[in-house]
Structures are given as structure tokens and as C-alpha cells.
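This report refers to the structure that appears directly beneath it.
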There are 2 protein chains.
Amino acid sequence: MFSKFFFKRGIPILTLMLLSVSSSNAQKAVGSPKNEKIMEVAVILFEDYETLDVFGPAEIFGRLVDQYRLNFYSLEGGIISNRHGVPIMTEKLTNVEIKPDIVLIPGGLGTRSEVDNPLLINKIKELSESSDYVLSVCTGSVLLAKTRLLDGKRATSNKRAFSWVTSQNGSVDWDKKARWVVDGKYYTSSGVSAGMDMALGFLADKHGIEFARKVAKEIEYNWIEDKDNDNFVTQ
Amino acid sequence: MFSKFFFKRGIPILTLMLLSVSSSNAQKAVGSPKNEKIMEVAVILFEDYETLDVFGPAEIFGRLVDQYRLNFYSLEGGIISNRHGVPIMTEKLTNVEIKPDIVLIPGGLGTRSEVDNPLLINKIKELSESSDYVLSVCTGSVLLAKTRLLDGKRATSNKRAFSWVTSQNGSVDWDKKARWVVDGKYYTSSGVSAGMDMALGFLADKHGIEFARKVAKEIEYNWIEDKDNDNFVTQ
């Protein structure tokens with residue numbers, strides 16, 4: 001996956017050698033269901049994304065190498081970082097024709113400015129319309145709500161930022177209590193770690209709850225299985 | 001932090017502009033304790049590291065911008081990726097004189113080959129000896145055990161890889177039941193998500209349990225506070 005990308009960008013041959021080592025280590029997850037094709041996951045990054053919003057779901061989808069493939073994108077491409085100092089390499093969104101099966105939109109403080117970035121919002125809209133599923137974590141649902149694709153639909157977000165989130169689009173049926181919400185092809189979650197619960201919930205919907213439980217156990221994660229009750233709401 | 005690094009490597013000016021946007025967004029975590037200095041965290045990466053082993057603790061330390069600063073290193077520098085396809089930018093370990101306060105060593109399938117890489121083991125040994133704390137997640141404890149610095153000390157690792165881990169160094173007092181183990185300056189955790197529990201445990205030891213609970217709540221993480229009982233051992 002990365003070879004084509006890095007060749008295009010002229011990244012040193014050493015990097016390619018390292019990446020080839022990585023891909024040769026690819027192993028099947030135990031008990032993976034056999035799907036007919038690998039689903040491409042497009043992770044949309046922007047400056048000051050929230051670290052775990054991205055890499056919690058990335059751990060869960062990424063380990064299922066027979067079913068899902070992660071691709072990291074941003075408007076400008078190149079290194080995208082955040083206030084935590086986590087520099088991730090991305091491909092330029094506008095340079096490539098992509099038709100992901102799943103779009104993943106993280107939250108983070110960066111959403112406060114990106115919500116007013118029509119270039120990003122329009123790209124999210126375009127990708128979301130053509131994809132099978134759209135998943136957002138934390139305040140990532142604000143960016144999705146700005147596309148108007150959530151109008152009339154149920155959704156949730158980080159409860160600590162709820163008044164700001166809901167002020168950005170009053171036509172969404174915002175759920176104040178859910179850990180995550182599913183409405184058609186749209187999955188939206190509460191804050192940070194809730195993205196992992198939602199990703200496991202997505203696996204349960206696609207592959208059955210026992211499969212999702214097995215993945216949770218492999219990563220030693222205490223999965224909150226009940227999407228309707230977020231115990232962080234009233235704490 | 002990144003400017004010096006990227007200038008050295010000739011990364012395009014656009015990247016620097018993006019990074020400067022990121023650093024200007026840096027905000028203080030609510031209720032952060034006031035320490036006298038920022039602790040430098042050196043995350044040691046290698047090909048085929050485990051995603052959440054790195055970015056779980058990175059979320060926890062990274063958000064405390066007044067107390068901790070993340071730095072990502074690898075033997076060769078540049079982009080380091082894994083079977084999940086997560087490409088992270090690192091600085092070259094042998095190019096810089098660093099004296100981190102905290103060393104963080106993730107696990108992952110890559111440890112199966114890195115355990116026989118004396119260059120990496122020696123570098124981990126050198127950094128661990130000079131740092132105040134050394135934290136390992138999952139099979140990262142094998143790399144640490146190979147330095148012999150854990151000889152005669154209590155430690156733990158991923159229970160699913162326990163027989164391989166313990167076969168690499170029989171002079172370590174391996175704990176089969178713990179979620180994480182503290183022995184002096186060495187913190188070692190069980191698999192994947194256990195790294196987050198350990199990182200929160202480290203915060204509790206340094207700043208008090210209420211502070212650690214506040215961070216766990218901010219990231220909506222159901223922290224397993226009891227380090228002695230890993231409920232994934234018997235599942």
C-alpha cells in the first residue's frame with residue numbers, strides 16, 4: 001500500500017526497505033472471518049487531531065489485515081501532528097482518486113478551526129457520500145454534521161463539548177446519553193476511548209458479537225458493549 | 001521540538017508551517033499539577049510495533065503538555081510503520097545525544113526479531129540506565145529483559161506470549177498475574193490496552209490517584225486501577 005505512495009513522494013529507499021520488512025510480517029488475526037474483499041478505511045487527519053481518536057480504532061481495524069486496510073489522508077498531505085506531538089505521515093487528499101469503503105473522522109481541538117474550513121468539509125462530504133460507512137469519534141461528528149449529511153439523523157459526540165457541538169447544527173438529532181450511535185451507515189461516538197467501543201461495535205454489527213469480543217480480548221480491552229449507556233455522562 | 005529535527009532532514013517548508021499551527025494550538029490540561037520541569041519521554045520504535053502499545057500511553061502523557069513531552073525515535077530514523085499500516089515519523093537514535101527522563105518501549109510482532117538486534121538492545125540499555133523511569137508495554141519487556149537490567153527484578157508482559165517472553169531471560173522474576181508491575185524505576189505491563197492502565201498508574205504514583213482518575217475521565221477510559229489483577233489472564 002505504501003510503496004506507491006512513497007515512491008511518488010521520493011522518500012528514501014531505506015524507508016521502502018523498512019516498509020517491506022513490515023509488510024512481510026503481516027499476519028492473520030486469529031479467527032478472522034473470511035470476507036470477499038478488503039475494506040479500505042480512509043482516516044481523515046488534520047492538525048491537532050486527538051491521538052487516541054485515531055489510533056484506538058486503528059489498532060482494532062489495523063490488526064484485521066484480511067478485512068481492513070488503513071489509509072491516512074489530509075488536505076495537504078505529508079506529516080500531520082497534534083498538541084501531543086504525534087507526527088503521522090499522510091497522503092494528500094486532493095491528489096488521489098479514492099473511493100474508501102469506510103471513512104473515519106477523529107475529533108480533537110483541531111475541529112474548532114476545521115469546522116470553518118470548507119475545503120475539508122466538502123472533501124468529507126464527497127467521501128462520505130460515496131462510502132459504505134462513515135465513522136466519527138468525539139468531536140469528529142461536528143465536521144460530519146457540517147456536511148449536512150447528518151441532518152434528521154441520530155448522532156452523538158463528546159459530552160464535554162456537547163453545547164458547542166450541537167450549536168453547529170441543530171438539524172441533527174443529538175443523543176446526550178449514548179456511548180455511540182448507529183443511524184444507517186453513520187456511526188458516531190462519544191469522547192476519545194469511546195471510539196474503540198464504537199469500532200468494536202462496528203465489528204459486532206459486521207461479523208457478530210463473538211468476533212468483536214475476541215478482538216477486544218486480544219487487545220486486552222474492557223469493551224463497553226452497551227452503546228446506549230455512556231457511564232461518563234453523569235460522572 | 002520538531003522544527004530542529006525537520007530542518008535537519010530537509011522536510012519541505014509546508015510541513016514546518018503545519019507543525020507551527022499544531023504547536024500554537026497547545027493547551028494546558030485541566031487541573032495539571034505544576035512540576036518544576038517537563039519530563040522528556042523517549043518512545044523507542046521499530047518496524048512492526050503494536051499500534052496501541054505506543055498511542056495509548058501517548059494519549060495519556062501527550063495531553064499533559066505542562067509535564068511531559070513525547071519524542072519518537074528509531075535506530076534508522078524516518079518513517080516507521082507496522083502491519084497495521086500506521087506510519088509514524090521518528091528521529092534517528094544514533095544521530096542525537098539524548099537523555100530522556102522516561103523511556104517507553106512498546107511491544108508488537110517486531111519484538112520477535114528485534115530481540116536479536118544488539119544495536120537496538122544496547123541503545124535501550126544505554127537510555128534506560130541514564131533515565132529516571134523505564135516503561136514497557138506488552139512484549140516490549142522482552143527487549144528490556146535482554147539488556148539484563150531486569151535481572152533479579154519483578155516484571156510482566158503479554159500473557160499470550162508469556163512462554164516465549166520468559167524463555168528469553170530466566171533471571172527476571174516474571175509475574176503471571178499482574179496487569180502491570182512496578183519495581184524501582186521499571187514499569188512493565190501486560191498486553192496492548194494494559195499500557196494505558198500502566199501509564200495512568202504511573203501518573204497516580206507521580207501526581208496522586210485523583211489526578212490519574214481525572215485524566216482517565218477526560219479520555220473516557222475505564223481505568224483498571226488494580227495493577228495486581230489482570231482479568232485477561234484467566235479469560
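Proteins come first, then strands; the chains are lettered A, B, ... in the order of their sequence lines, and each starts at number 1.
- Residues A:Val86 and B:Glu59 form no side-chain contact, since every pair of their non-hydrogen atoms from C-beta on lies 4.5 Å or further apart.
- Heavy-atom distances place no part of A:Ser74 under 4.5 Å from chain B, backbone and side chain included.
- Within the 4.5 angstrom heavy-atom criterion, no atom of A:Ile60 approaches chain B.
- The interface of residues 194-202 of chain A with chain B, defined by heavy-atom distances below 4.5 Å, comprises A:Ala194, A:Met196.
- With respect to A:Arg160 and B:Glu218, no salt bridge is recorded, no charged nitrogen being found less than 4.0 Å from a carboxylate O.
- Counting heavy atoms from C-beta on, the side chains of A:Glu220 and B:Asp230 come closer than 4.5 Å.
- In this structure, B:Phe232 and A:Asn222 have side chains that are in contact, with non-hydrogen atoms separated by less than 4.5 Å.
- The aromatic rings of A:Tyr221 and B:Tyr221 sit tilted, their planes meeting at an angle between 30° and 60°.
- When atom types are taken as modelled, the side chain of A:Thr51 and the backbone of B:Ala58 share no donor-acceptor pair closer than 3.5 angstrom.
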Which atom pairs, donor and acceptor, lie under 3.5 Å between side-chain atoms of residues 103-112 of chain A and protein residues at least two apart or in another chain?
from, atom 1, to, atom 2, distance (Å)
A:Thr111, OG1, A:Gly108, O, 2.8
A:Thr111, OG1, A:Thr139, OG1, 3.1

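- Evaluation of the side-chain hydrogen bond (donor to acceptor under 3.5 Å, both in side chains) rule for A:Asp226 yields A:Asn229 as partners, not counting sequence neighbours.
- Between chain B and the residues A:Val54, A:Ile88, A:Ile219, the most heavy-atom pairs under 4.5 angstrom are made by A:Ile219.
- Put simply, CG on A:Leu70 and CZ on B:Arg83 are 11.5 Å apart, with the number rounded to the nearest 0.5 Å.
- For the side-chain hydrogen bond (donor to acceptor under 3.5 Å, both in side chains) test, residues two or more places apart in sequence or in another chain that qualify with B:Ser141 are B:Ser157.
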